[in-house]
Amino acid sequence: MKTTSLNGTLLEQMLRNGLNNLKKHENQVNDMNVFPVSDGDTGTNMRLTLENGLASALSDDDLGAYLKRVNSGMLLGARGNSGVILSQLFNGMSQSLESDSIVNVDELMEALSRGYKVAYESVVKPVEGTILTVTRDGAEGIRSQINRSVSFESMLSMYIAEMKKSLALTPELLPVLKEAGVVDSGATGYIYIIEGMLKYLSGEIVSLNSNDEELSDSQLLVNSINPDLFNEDSVFTLGYCTEFLLQIMNSKCSVRKFDLDDFIFQLNKMGNSLVAVRDGSRVRVHIHTIRPYQVIEFAQQFGEFVTFKMENMQLQHNEHFEKKAELQPEKKVGIIAVANGQGIKDLFKQFGCHMVLKGGQTMNTSTKEFVDAFKTVNAEKIVVLPNNKNIIKAAQQAAALSGLNNVTVLETKSVVEGYYALAMAVGIDDQDGDYVVSLLKQGAENCDTVEITVASRDYTSNSIHCNKDDFVALVNGDLTCSGRTIEEIVTQSFSKVPCIDEKESCIVFKGADCTAAMEEEFSNVVEKNYPDMEVNFVEGGQGIYNFIIGF
């Protein structure tokens with residue numbers, strides 16, 4: 001039987017199957033590195049973004065209402081460029097379908113078109129040969145073939161086929177893909193999602209094994225709460241946030257005769273903030289209660305729990321006010337930076353950062369993390385230093401979603417740019433806010449960055465060749481050279497830095513894998529080739545890069 005209409009419940013199951021299909025191929029998408037640097041996180045970013053969207057939405061037969069909740073969760077949970085663009089694709093679809101409780105193929109066709117258009121609009125400088133191109137070609141390629149007699153199975157099959165044709169051409173549109181011998185990873189991840197959705201309609205449930213499962217953002221958030229804020233002297237008044245998915249069972253009651261209204265009436269006597277939504281023979285419940293055992297015993301009269309989560313709201317309350325109490329007095333400018341490596345984080349804090357968020361090459365900071373950070377900064381102006389090109393868009397999206405008009409995102413692409421921005425403005429945060437922002441911007445613009453790491457695979461392009469485990473260097477974000485030894489890579493990379501002979505000093509952030517021998521060899525090479533240059537080493541502790549050098 002072919003599907004000719006979609007409601008929210010069916011869409012949810014399709015999306016969950018799509019998410020599982022992406023999870024099955026997550027490492028494959030991650031491994032589609034354009035460069036030989038271990039920055040493969042596209043699959044993870046897309047998975048976390050969609051996962052957050054689904055975790056944020058209660059089941060609902062009304063497709064428009066359900067998709068709106070998914071969209072909201074994806075926007076806040078978006079990570080990296082791939083996650084941000086994925087969230088914008090769903091944002092456009094949600095806008096198109098927000099008033100539709102049931103959707104036909106014509107309406108979904110328009111939603112897919114609206115999706116890629118909103119995604120294009122969200123990118124300041126759209127690049128062809130990416131997920132943007134592929135989703136546009138997919139939607140426009142099937143437009144003339146869609147009518148009310150076409151089933152959703154046929155429509156999605158055609159959509160996938162058109163996207164795969166476009167995907168195969170991405171290396172021709174984007175030379176860096178052709179040099180690396182890969183197609184666009186973001187588009188690949190999106191196609192896996194749509195394929196999983198089609199699989200569900202075709203009766204194929206994508207199952208996961210233990211290796212495919214990872215902690216979700218919500219689980220990580222729960223694990224990050226400080227349990228010391230609830231102790232023997234605490235006063236417990238707020239109760240527990242209790243959430244569960246209950247499978248109603250005929251062995252305990254009649255599923256057909258189960259009365260949701262009466263179920264809700266009884267639960268209301270046990271707590272507050274109650275939400276109870278039925279989905280077939282399952283009920284999803286959220287309730288705040290002092291005595292969760294009463295809720296548990298009552299619910300088990302009708303069935304058993306598929307999932308169950310309970311959190312101490314007093315602990316969450318205490319942590320909230322603990323953080324609030326830590327707020328510094330209002331400043332002219334509050335700075336939020338992103339860094340990977342404890343040494344770099346400590347240095348940024350010494351330079352006046354109000355908050356340093358964890359993020360970098362293999363785990364991009366999410367939109368939600370930025371939005372949450374904005375709430376803790378007590379300043380007239382907030383400045384964000386993303387310090388990674390793949391985090392800039394998430395920071396910009398967070399600024400837009402926050403509703404604040406005092407947030408400025410400086411497009412810093414490396415911790416070096418962040419470091420020199422902070423160094424330019426250190427100690428003068430009590431000055432006029434606009435003046436401080438201008439100094440930060442000036443510092444970030446007038447520096448050069450060299451990043452040295454080890455190649456994760458063999459790589460050949462028109463300008464460079466390296467074997468796995470060779471050293472490679474990026475100069476101002478561009479892969480420029482390779483070498484077998486520290487001496488080779490330092491000599492070659494430094495020669496690519498503009499006006500290197502005029503540089504009087506450099507700062508070197510040593511990575512977690514940097515040994516004393518590597519540091520000594522590095523110093524000897526610089527002293528030999530640039531005897532007048534002062535080298536300042538910092539225990540950066542960052543992953544991936546053995547050295548990050550700033551001039």
Side-chain angles (χ1 to χ4, degrees), residues 1-29 43 46-47 49-51 53-54 57 59-64 66-67 70 74 86 89-90 93-94 96-97 100-113 115-116 131 134-135 137-168 183 186-209 211-213 247 279-282 306:
M1 183 176 178
K2 298 301 182 181
T3 307
T4 56
S5 65
L6 291 181
N7 64 9
T9 301
L10 180 55
L11 177 64
E12 177 183 4
Q13 298 307 317
M14 292 168 63
L15 287 174
R16 292 191 182 281
N17 216 49
L19 172 62
N20 284 348
N21 199 46
L22 176 60
K23 285 183 178 180
K24 295 283 288 187
H25 299 90
E26 183 175 334
N27 290 333
Q28 176 187 334
V29 177
M46 297 181 80
R47 187 260 299 173
T49 301
L50 180 54
E51 200 168 55
L54 294 177
S59 301
D60 196 326
D61 279 341
D62 187 314
L63 184 143
Y66 173 72
L67 187 56
V70 172
M74 290 182 69
L86 180 65
L89 286 166
F90 275 81
M93 286 186 263
S94 178
S96 180
L97 301 174
D100 298 309
S101 60
I102 298 177
V103 172
N104 60 40
V105 289
D106 288 333
E107 290 164 333
L108 183 59
M109 174 70 252
E110 291 306 315
L112 294 174
S113 296
Y116 84 72
I131 186 174
V134 172
T135 53
D137 290 350
E140 296 304 322
I142 66 172
R143 181 179 292 278
S144 62
Q145 306 173 60
I146 300 303
N147 55 61
R148 289 181 179 271
S149 65
V150 174
S151 68
F152 280 98
E153 289 87 347
S154 296
M155 176 191 188
L156 292 179
S157 295
M158 291 187 287
Y159 183 48
I160 292 168
E162 289 294 331
M163 287 196 292
K164 285 186 174 180
K165 286 197 298 184
S166 179
L167 179 67
V183 294
T188 302
Y190 179 75
I191 290 173
Y192 280 131
I193 294 171
I194 303 301
E195 284 183 330
M197 296 172 69
L198 174 59
K199 286 175 186 288
Y200 185 84
L201 292 181
S202 303
E204 180 181 346
I205 305 301
V206 179
S207 59
L208 300 174
N209 56 47
N211 293 329
D212 297 316
E213 299 284 4
Q247 175 63 63
D279 177 14
S281 62
R282 291 180 174 179
V306 178

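In this text, all values refer to a predicted model and were calculated from it rather than measured experimentally. Below, each value reflects all heavy atoms present in this structure, side chains not excepted, and no hydrogens, waters or symmetry copies. Each residue takes its place number in the sequence, starting with 1.
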How many angstroms lie between CD in Glu51 and CZ in Arg16, if you round to the nearest 0.5 Å?
-> 9.5 Å

Separation between CD1 (Ile205) and NZ (Lys199), nearest 0.5 Å, reads 11.0 Å

Among Gln28, Lys23, Lys24, which residue meets the side chain to side chain donor-acceptor pair (under 3.5 Å) test with Tyr192?
-> Gln28

What is the distance from atom CD of Glu204 to atom CG of Asn17, rounded to the nearest 0.5 Å?
-> 7.5 Å

Evaluate the side chain to side chain contact (heavy atoms under 4.5 Å, CB included) criterion for residues Ile146 and Met155: first the C-alpha distance (whole Å), next the side-chain angles of each, then the deciding distance (0.1 Å), finally the verdict.
-> CA-CA 7 Å; Ile146 300 303; Met155 176 191 188; 3.8 Å; yes

Compare all side-chain heavy atoms of Thr4 with those of Asn104 and state whether any distance is below 4.5 angstrom.
-> no

Decide side chain to side chain contact (heavy atoms under 4.5 Å, CB included) for Val183 and Val134; before the verdict, give the C-alpha distance in whole Å, the side-chain angles of both, and the deciding distance to 0.1 Å.
-> CA-CA 11 Å; Val183 294; Val134 172; over 6 Å; no

So which heavy atom on Ala57 is nearest to which on Tyr66, and how close?
-> CB-CE1, 3.6 Å

Looking at Ala139 and Tyr159, what are the two nearest heavy atoms and their distance?
-> N-CE1, 3.6 Å

Go through the steps to decide whether Glu12 and Ser59 satisfy the test side chain to side chain donor-acceptor pair (under 3.5 Å), and finish with yes or no.
-> CA-CA 7 Å; Glu12 177 183 4; Ser59 301; 2.7 Å; yes

Distance col, row Glu195:CD vs Lys164:NZ, nearest 0.5 angstrom, shows 4.0 Å

For residues Leu198 and Ser157, report the shortest heavy-atom separation together with the two atoms involved.
-> CD2-OG, 3.4 Å

So how far is it from Asp62 CG to Leu67 CG, rounded to the nearest 0.5 Å?
-> 10.5 Å

Verify side chain to side chain contact (heavy atoms under 4.5 Å, CB included) between Met93 and Leu112, making sure each step is shown before the conclusion.
-> CA-CA 6 Å; Met93 286 186 263; Leu112 294 174; 3.8 Å; yes

Looking only at heavy atoms, the pair that brings Glu26 and Gly43 closest together is CG-C, 3.7 Å

Taking it one step at a time, do Val103 and Leu11 satisfy side chain to side chain contact (heavy atoms under 4.5 Å, CB included)?
-> CA-CA 10 Å; Val103 172; Leu11 177 64; over 6 Å; no

Verify the distance criterion only: is there a donor paired with an acceptor across the side chains of Glu153 and Thr3 at less than 3.5 Å?
-> yes

Test Ser5 against every option in Leu108, Leu63, Leu10, Ile102 by the side chain to side chain contact (heavy atoms under 4.5 Å, CB included) rule and name the one that passes.
-> Ile102

Closest heavy-atom contact between Leu156 and Ile194?
-> CD2-CG2, 4.1 Å

Check: Val29 and Arg47 side chains under 4.5 Å, non-hydrogen atoms | no

Going by an N to O cut-off under 4.0 Å, is there a salt bridge joining Lys165 and Glu162?
-> yes

Considering only heavy atoms from C-beta outward, does the side chain of Met14 approach that of Phe152 to under 4.5 Å?
-> no

Rounded to the nearest 0.5 Å, the CG atom of Leu6 sits from the CG atom of Asp100 at a distance of 11.0 Å

For the side chain of Asn7 and the backbone of Asp61, is there at least one donor-acceptor N/O pair under 3.5 Å apart?
-> no

